[in-house]
Student: 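Could you have a look at this structure, given as structure tokens, before my questions?
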Amino acid sequence: LEEQRKKDEL
Amino acid sequence: MNIFRLVGDMSHLLAIIILLMKMWKSRSVAGISGKSQILFAIVFTTRYLDLFTSFVSIYNTSMKVFFIGTSYVTVYFIYQHFKPTYDSNHDTFRVEFLIVPVGGLAFLVNHEFSLLEILWTFSIYLESVAILPQLFMVSKTGEAESITSHYLFALGSYRALYLLNWIYRYYFEGFFDLIAVVAGCVQTILYCDFFYLYITKVLKGKKISLPA
């Protein structure tokens, strides 16, 4: 989840 | 997505569009650092490799593709299409002094010792200093066209807005990424001197010219 949220940013 | 993040992304998008329009309309890349633009192409390429491994949203994917694509178009404009107008004599920043330490740091300080994660970290660190060749060029020639100043202002504002986004996310989502935050602070601090010049000069209709 943490990973996913980080990659959500550009 | 919060308002700071959205406006930050739009500011980033605007910066890229301003730069492309400047080059295309004036048929010239004068005053633009090719070295900074190469660094941005490296930044986007190494950061968005997750396009192949994970899907977040249409917005996310299209922005990533746009950033990668336009960064290569920009580099192509500078080194091929409008090459005669490129001012290489003033674009003399030694980028190896940025890439080597940043690469070493990404190797040592990261969230996880895996290829994609190290490349992501590398791109975050590299982005924070990628504008230095451009700022160096402005200080070396002692001037910047207004359009170049608008580009730099939009580009600098984007990460400053991301800082607000991270403050917001910390309080309301408990989200905190130390690597991104520290690099984002460094990146924004590098623009402070320029922001000052932009507000005191460009917004009053003067172009940036530094004393020799």
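By convention in this document, chain letters (A, B, ...) are assigned in the order of the sequence lines, proteins followed by strands, and residues within each chain are numbered from 1. In this text the structure is predicted, and so the values were computed from the model without any measurement.
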Student: Using a cut-off of 6.0 Å, state whether more than 12 heavy atoms not belonging to B:Tyr170 lie near its atom OH.
Tutor: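 No.
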Student: Do the non-hydrogen side-chain atoms of A:Glu9 and B:Asn165 ever get within less than 4.5 Å of each other?
Tutor: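 Side chain of A:Glu9 against side chain of B:Asn165, heavy atoms only: contact under 4.5 Å found.
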Student: Mind listing the closest non-hydrogen atom pair of A:Asp8 and B:Val56 along with its distance?
Tutor: OD1-CG1, 3.6 Å
Student: A quick test of your reading: do over 12 heavy atoms of other residues, nucleotides or ligands sit less than 6.0 Å from CG of B:Leu203?
Tutor: yes
Student: Can you tell which of B:Tyr48, B:Tyr158, B:Phe44 has the highest number of heavy-atom pairs within less than 4.5 Å of chain A?
Tutor: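 Among the listed options, the one with the most contacts to chain A is B:Tyr48.
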Student: For the CE atom on B:Met21, are there more than 12 heavy atoms of other groups (residues, nucleotides or ligands in this structure) within a distance under 6.0 Å?
Tutor: no
Student: So which part of B:Asp50 gets closer than 4.5 Å to some heavy atom of chain A, the side chain, the backbone, both or neither?
Tutor: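 For B:Asp50, side-chain heavy atoms alone lie under 4.5 Å from chain A.
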Student: Should A:Leu10 and B:Arg47 count as side-chain neighbours, where that means a heavy-atom distance under 4.5 Å?
Tutor: no
